[in-house]
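Here is the naming used below: chain letters follow the sequence lines, and residue numbers restart at 1 for every chain. This structure is a prediction, so every number in the text was calculated from the model and none was measured.
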Amino acid sequence: MARYNAREEEKRWQQEWERQKLFATPAHTSAPKCYVLEMFPYPSGRIHMGHTRNYTMGDVIARFRRAQGYAVLHPMGWDAFGLPAENAARDKGVSPRDWTYENIAHMRDQLKMMGLSIDWSREFATCDPAYYHQQQKLFLDFHAAGFVHRSEADVNWDPVDMTVLANEQVIDGRGWRSGAVVERKKLSQWFFRITQFADELLAGLDTLDRWPEKVRTMQRNWIGRSEGLGFQFTLSNGEKLDVFTTRPDTLFGASFVALSPDHPLAGALAAQDAGLEAFIAECRRTGTAEADIEKAEKLGYDTGLTAAHPFDGNWKLPVMVANFVLMGYGTGAIFGCPAHDQRDLDFARKYGLTVTPVVVPEDADPRTFAIGTEAYTGPGRLANSRFLDGLTVDAAKAEVASRLEKAGIGRRTVHYRLRDWLVSRQRPWGCPIPMIHCPACGVVPVPKDQLPVLLPETINFKVRGNPLDADTAWKTTTCPKCGGPATRDTDTLDTFADSSWYFARFTNPEAAEPVDKAAADYWLPVDQYIGGIEHAILHLLYARYFTRAMAKLGLVKVAEPFAGLFTQGMVCHETYKDADGNWVSPDEVEKRDGKAFLLDGGAEVSIGPSEKMSKSKKNVIAPEAIIAEYGADTIRWFMLSDTPPERDIEWTDAGAEGCHRFVQRIWRLCSEAEGLPAPGTAPVADDAASMALRQAAHRAIAAVTDDLENLRFNRAVAQLYTLANAIGAAGKAGGAARREALETLVLLSAPMMPHLAESCWRALGHDRLVAGTPWPRHDPALTRTDQVVLAVQVNGKRRAEFGVQKDADAKIVEKLALEQEGVVRALDGKTPKKIIVVPNRIVNIVA
RNA sequence: GCCCCAGUGGCGGAAUGGUAGACGCAGUAGACUCAAAAUCUACCGCCUUCACGGGCGUGCUGGUUCAAGUCCGGCCUGGGGCACCA
């Protein structure tokens, strides 16, 4: 029989699937629905191994659910706005639009070669005017509902990408894309009021039981809720100063009050105090990067003012400006309690301030308990605190809060780390913000009937700054309110907005409104979302916010967009370096005996650790090349084999060859099946070989089904190897049972290797497609066994094993166990003290 | 510094508290072949033994249990996240 020709066969089946429209999304029926979605790609030009892994997993689930009878929605689109298109446009003189759509065309072909069961009729790109038109409507809806505000704020300015960034997009003080050190600027910008939903977004995490705990924790930390007390100090100049604390219980341990250098009061005082002005300038010079903060010493400047203690007007605390107090959290002012806060302690030691312990651990003596170089932050009882003495920390917190609330100078409050989402971007390749600035009327929304605000046909990248701002013709318009001359908002929306609702649009991409309510209500939430962990906060938080905001507007019913989330691991490869320390691509290397040599010249290269495939380390393998050599099923099988899906997988040539051998092996088993009874012949287990085959097949059905339900692809793969081994071991024996086992192997492997499955199905004599064939069911009678092998331990060490009837009487099992040769030897004449029989598993004899 | 996760053969990895190493890769020996490829068969944790067998073994260490890779305490190593958030 001929070897399996993947290239021809795969193309043939892809055409056949398309001809029969097998993956078209079914109409809404009573069938259970399953919305399977992988994070849509940025159209960079070609797919990489990470895409291959991501889309293979999604496709397995989609095909598996379809076979099980679910109505499946499995769409694909393009996250198509963004900077790479602009860079390409500037570098190559092409238009970002042409560049993007050409990339999409190429990548679509590549994805189709993988044989994904996608409903391509729903495809769209976020840069399609039809899509961003709807997004502009959403923006106006959000604006009308008060979810959007325009504010002047200190913003993160990326000097390389020439745009502002949201807080989430600044990592270690650098832009998430460019890596440039972010500068601070004051600009008037648009914000989504995500903080309005902070509590909901936090509480919602508890309902996401099919999300990785890790992602939920990261989001919880990012939202950063803290409960505390806001209250006022009266200063010696008569002014009031608001502070926030989570430790009101430590108020009698206060020894200073500190302001952020960016606090308005600090600024006002600096106007009359040159020393303070210089100090503030010094603080601003210190970077915000982690490394800087780590090293930064606690520095302070005494303003000369004092603050009266809220419970004792005669107790005066010095008011300092301190470099470690952040304007961006709480009120930008704190009271310092050195005994119970490490930062305050460092500061107090440096400036010789009092350190009074007010919380004493239960097992310590309040008269002798002292603070050294470490603040005490644990539980305990209050001391040195007048009316709080003897209370627990919690009781003291409540007592202080109540008293200050009663006195009208305090209030229990909640603060979040989460800031509003700044969405204005000074970039031309994005969704234009549909707003108009009128000198007479101020900021005016573009009326919906005048949408879309289209991007200009051509974008001139030769200008400095934002090309949309420089495009006078595009920018100039009339005010919808007064009809006078006005200008468009020349900013575009952060591209994370584009990906924050695309999953809802997929439910009906033709809808005249952003979302077709009936379609969205039917399909949402996404049942299984799959993507990289790198979106744990950014994309996944924004999408959750959008969904909640849309739900408030009545556009969708669900509060959470993704019921199930799976974060897959990265694809890695060994790295190679030549004698000069230059990275060398695997294409240029030949491996022999665990060593690596240059193909050109034969010089040995050093083998480095396996790392995420990246251009900079040259350890990239192109999926195209693998598909061309072995076919899509081989690469799909590799992506699912061995390594659990959430872990990083290492690509190896040997592994790929092994996968391809298995493809050929299945083909051989199915295509050399002459002598098999006709399709549809009922299997009978009337001989040992048949029984063994039937049991192997039905156990595989049970196991693979369970593994796929739980996304344990690597285990499902192992089960299929086991079944193939059993079929191989049976040789030509088995008749109808052999046919059943072969068909089971084909049906179970179909979600993973869909093309091969179709070829084998045809070879086994079927006319219809596997892709339209229901998932097999196991017969429980065949997955049971009546003989079991029991191990016998003596004092916990395994000494023998023997076969026995399943559920055999414990007395009989005990007797048999004691007769085993190994057991007799191990007992060496000793009398057993105790015999534990675990039915159908093990016997442990204690002697 | 804080939080989370993970440490199992040469490698990727299996294992409801119940026979550790399923399955795959690599490797060894053999069959087929003029030969090679492909394929098939057997072996494949370490030490010891002619063999039967015996000893050791899931990062280290202590504990719970008839029984621990699995549960509990302490530690080591690696990875990830957060990081002056009051």
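A:Asp648 and A:Arg53 are not joined by a salt bridge, as no carboxylate oxygen comes within less than 4.0 angstrom of a charged side-chain nitrogen. For the pair A:Arg216 and A:Glu213, the salt-bridge criterion is met [side-chain N within less than 4.0 Å of a carboxylate O]. The pair A:Asp199-A:Arg225 meets the salt-bridge criterion, since a charged nitrogen lies less than 4.0 angstrom from a carboxylate oxygen. Under a 4.0 Å N-O distance rule, the pair A:Arg412/A:Glu227 does not qualify as a salt bridge.
Atom P of B:C43 sits at a distance of 14 Å from the matching atom of B:C52, rounded to the whole Å. Separation of the C1' atoms belonging to B:A6 and B:G12 is 15 Å when rounded to the nearest angstrom. Nucleotides B:G17 and B:G81, compared at atom P, are 31 Å apart to the nearest Å. Nucleotides B:G9 and B:G57 place their P atoms 14 Å apart, quoted to the nearest Å. For the C1' atom pair drawn from B:A42 and B:C32, the interatomic distance equals 15 Å after rounding to whole Å. For B:A22 and B:A35, the P atoms lie 34 Å apart once the distance is rounded to whole Å. The P atoms of B:G59 and B:G69 are separated by 10 Å, rounded to the nearest whole Å. Separating the C1' atom of B:G45 from that of B:C11 is a span of 13 Å, rounded to the nearest Å.
With no hydrogens or angles considered, no side-chain donor-acceptor pair links A:Gln719 and A:Tyr721 at under 3.5 Å. In summary, the side chains of A:Thr195 and A:Asp420 do present a donor paired with an acceptor at a separation below 3.5 Å, with no hydrogens or angles considered.
Distances were taken from every side-chain heavy atom of A:Pro644 (C-beta onward) to each of B:C84, B:G13, B:G18; the shortest belongs to B:G13. Nearest nucleotide to the A:Val789 side chain, out of B:U19, B:C40, B:A86: B:U19. When each of B:G18, B:C66, B:C82 is scored by its nearest atom to the side-chain atoms of A:Gln793, the top-ranked nucleotide is B:G18. Closest to the side chain of A:Ala654, out of B:C25, B:C84, B:G18, is B:C25. Taking the side chain of A:Arg668 as heavy atoms from C-beta on, and the options B:U39, B:A22, B:A14, the nearest nucleotide is B:U39. Nearest to the side-chain atoms of A:Asn725 among the listed nucleotides B:G24, B:U39, B:A86 stands B:G24. Checked against B:C66, B:C25, B:A20, the side chain of A:Val846 finds its nearest nucleotide in B:C66. Here the side chain of A:Arg661 is nearest to one of B:C25, B:C23, B:A20, namely B:C25. For A:Arg417, taking side-chain heavy atoms from C-beta onward, the closest of the listed nucleotides B:C82, B:C56, B:G53 is B:C82. Nearest to the side chain of A:Asn714, among B:A14, B:A38, B:A83, sits B:A14.
Separating the CD atom of A:Glu646 from the C1' atom of B:C4 is a distance of 15 Å, rounded to the nearest angstrom. Rounded to a whole Å, the NZ atom of A:Lys214 is 10 Å from the P atom of B:C5. A:Tyr329 places its OH atom 4 Å from the P atom of B:A86, with the value rounded to the nearest Å. Note: CD (A:Glu574) to C1' (B:C11) measures 11 Å, nearest angstrom. Atom NZ in A:Lys833 sits about 12 Å away from atom P in B:A67, given to the nearest Å. One can place OH of A:Tyr721 at 15 Å from P of B:A22, the figure rounded to the nearest angstrom. Taking atom CZ of residue A:Phe231 and atom P of nucleotide B:A86, one finds them 15 Å apart after rounding to whole Å. Rounded to an integer number of Å, the gap from A:Ile842 CD1 to B:A20 C1' is 12 Å.
For A:Ser226, a side-chain nitrogen or oxygen approaches OP1 or OP2 of B:A86 to under 4.0 Å. Phosphate contact (OP1/OP2 of B:G13, side-chain N/O of A:Arg647, threshold under 4.0 Å): present. Between A:Lys797 and B:A67 there is no side-chain N or O to OP1 or OP2 distance below 4.0 Å.
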- So what is the 5' to 3' dot-bracket string for RNA chain B, if pairs are Watson-Crick or G-U wobble with both distances under 3.5 Å, crossing pairs use [ ] and | means the partner sits on another strand? (((((((..(((.....[....))).(((((.......))))).((((....))))..(((((..]....))))))))))))....
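In terms of polar N and O atoms assigned as donor or acceptor, the side chain of A:Lys298 comes within less than 3.5 Å of the base of B:C84 in a complementary pairing. For B:U16, the base has a donor-acceptor partner in the side chain of A:Arg841 [N/O atoms by modelled type, under 3.5 angstrom].
Between A:His340 and A:Tyr376, the angle of the ring planes goes over 60°, which puts this pair in the perpendicular group of the 30/60° scheme.
Residues A:Tyr630 and A:Phe638 place their aromatic rings such that the two centres sit no closer than 6.0 Å.
Mapping A:Thr246 and A:Arg798 onto RNA chain B by nearest heavy atom places A:Arg798 at the nucleotide closer to the 5' end. Across the interface with RNA chain B, nearest-nucleotide mapping of A:Ile334 and A:Arg799 shows A:Arg799 to be the residue nearer the 5′ end.
Taking the ring centre of A:Phe324 as origin, the terminal cationic atom of A:Lys298 falls inside the region bounded by 6.0 Å and 45° from the ring axis.
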- Does the side-chain hydrogen bond (donor to acceptor under 3.5 Å, both in side chains) test come out yes or no for A:Tyr351 and A:Ser255, once each step is laid out? CA-CA 11 Å; A:Tyr351 292 101; A:Ser255 59; over 6 Å; no
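Contacts of A:Val792 with the nucleic acid, taken as non-hydrogen atoms under 4.0 Å apart, are absent. Counting any heavy atom pair closer than 4.0 Å across all strands shown, A:Ser641 reaches no nucleic acid atom. Base engagement by A:Asn844 is indicated by at least one non-hydrogen atom pair under 4.0 Å involving a base atom.
Because its glycosidic torsion is within 90° of 0, B:G9 is reported here as syn.
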